[in-house]
Amino acid sequence: MLASKKYFSVLEFHRLFELGFFGEDERVELIQGEIIKMAAKGTRHVVCCRRLIKYLSSLLAGQAILSCQDPISLSPDSEPEPDFTIAKLKDDEYLSGHPTPEDIILVMEIADSTLTYDQKVKIPLYAESGIKYYWIFNLLDNQLETYSQPYQKAVDKFDYRQKIVYLPNQMVNLPELTNLILDLSQIF
């Protein structure tokens, strides 16, 4: 008999948490029905995350909601936890449910050991879900990769039409937010 994988729905995934299947400090996310253990964060990842929290919190105050390593709802079988999500303001601050693609302005990942995963798995996942803007803070190449204009390039294959790379000495506009500019020299 061949071995087969067990795929989970978001509801089943939540039930596993309720039953205590995962340890309190265990970091996992659900990607297309598979439970994925999240990689440990290296020092550069932690520092970049800390800088982004400080910078984006003040920049976005009153204009959008910033989430750090919190779930987003993409489909019945995918609930990733990106490093950062910028979502539209909502009166209940998403108490009624995690942000969905319609709520999300921008998803950001910080990548060192996870770069290939963030490019090969997360790009098609976010593009298929209709996330308009996806950024990767690529710590290996010391650059920001910005992706926009999701599209379906073949049956079951999704990607972004546009990729722009920014260097650490550049500035980049935050999408859909008026006059909000991120100075990358403050991040890298």
Using side-chain contact (heavy atoms from CB on, under 4.5 Å) as the criterion, list what pairs up with Thr114, not counting sequence neighbours. Ala39, Ala111, Asp118
Trace of the side chain to side chain contact (heavy atoms under 4.5 Å, CB included) decision for Ser75 with Ser129: CA-CA 8 Å; Ser75 67; Ser129 298; 5.6 Å; no
Can Asp70 and His98 be said to form a side chain to side chain contact (heavy atoms under 4.5 Å, CB included), step by step? CA-CA 8 Å; Asp70 293 330; His98 302 309; over 6 Å; no
Is there a side chain to side chain contact (heavy atoms under 4.5 Å, CB included) between Phe137 and Asp83? Walk through the geometry before answering. CA-CA 10 Å; Phe137 286 86; Asp83 287 313; over 6 Å; no
Electrostatic pair Glu18:Arg15 at N-O distance under 4.0 angstrom: yes
For the atom pair CE (Met38) and CZ (Arg27), what is the distance rounded to the nearest 0.5 Å? 3.5 Å
Residues at least two apart in sequence or cross-chain that pass side-chain contact (heavy atoms from CB on, under 4.5 Å) with Gln32, listed by chain then number, are Asp77, Ser78, Leu125, Glu128
Any chance you could measure Leu30, atom CG, to Ser9, atom OG, to the nearest 0.5 Å? 8.0 Å
Inspect the surroundings of NZ in Lys120 and state if more than 12 heavy atoms from other residues, nucleotides or ligands are less than 6.0 Å away. no
Among pairs that include at least one residue of residues 104-136, which meet ring pair (Phe, Tyr, Trp, His ring centres under 6.0 Å), considering only residues two or more places apart or in two chains? Tyr126-Tyr134, Tyr134-Tyr147
Heavy-atom closest pair (Ile131 atom, Pro101 atom, distance to 0.1 Å) is CD1-CA, 3.9 Å
Return a table of donor-acceptor pairs under 3.5 angstrom between the side chains of residues 179-188 and protein atoms on other chains or two or more places apart.
from   : atom 1 : to     : atom 2 : distance (Å)
Asp183 : OD1    : Ser185 : N      : 3.0
Asp183 : OD1    : Ser185 : OG     : 2.7
Asp183 : OD2    : Ser185 : OG     : 3.2

Exercise: identify the closest heavy-atom pair between Leu89 and Gly62: CD1-O, 3.3 Å
Quick check for you: to the nearest 0.5 Å, what is the distance between Ile104 atom CD1 and Lys88 atom NZ? 10.0 Å
Surrounding CG of Asp91 (heavy atoms of other residues, nucleotides or ligands, distance under 6.0 Å), is the total greater than 12? no
According to the interplanar angle, ranging from 0 to 90°, do the rings of Phe17 and Phe22 count as parallel (below 30°), tilted (30 to 60°) or perpendicular (above 60°)? tilted
Applying the 4.5 Å side-chain criterion to the ILVMFWY set and letting contacts propagate, would Ile72 and Ile123 be lumped into a single cluster? yes
For Glu29, which residues count as a salt bridge (charged side-chain N to carboxylate O under 4.0 Å, His left out) partner, sequence neighbours excluded? Lys122
Which atom of Pro99 lies closest to which atom of Pro71, heavy atoms considered: CD-O, 3.9 Å
Phe158 and Gln152, any side-chain heavy atoms less than 4.5 Å apart: yes
Give me the atom names and distance for the closest heavy-atom approach of Asp159 to Ala127. O-CB, 3.3 Å
With a 4.5 Å heavy-atom cut-off, do Ile136 and Leu144 have their side chains touching? no
Any chain of hydrophobic side-chain contacts (each under 4.5 Å) joining Ile110 to Tyr55? yes
Check against side chain to side chain contact (heavy atoms under 4.5 Å, CB included), Cys49 and Phe84: CA-CA 9 Å; Cys49 186; Phe84 288 94; 3.8 Å; yes
Tell me, which pairs form a salt bridge (Lys or Arg N to Asp or Glu O under 4.0 Å) where one or both residues lie in residues 34-63, sequence neighbours left out? Lys5-Glu34
Side chains of Leu56 and Met108, heavy atoms from C-beta outward: is any pair under 4.5 Å? yes
Looking only at atom types and distance, does a side-chain atom of Asn173 sit under 3.5 Å from a main-chain N or O of Pro175, one as donor and one as acceptor? no
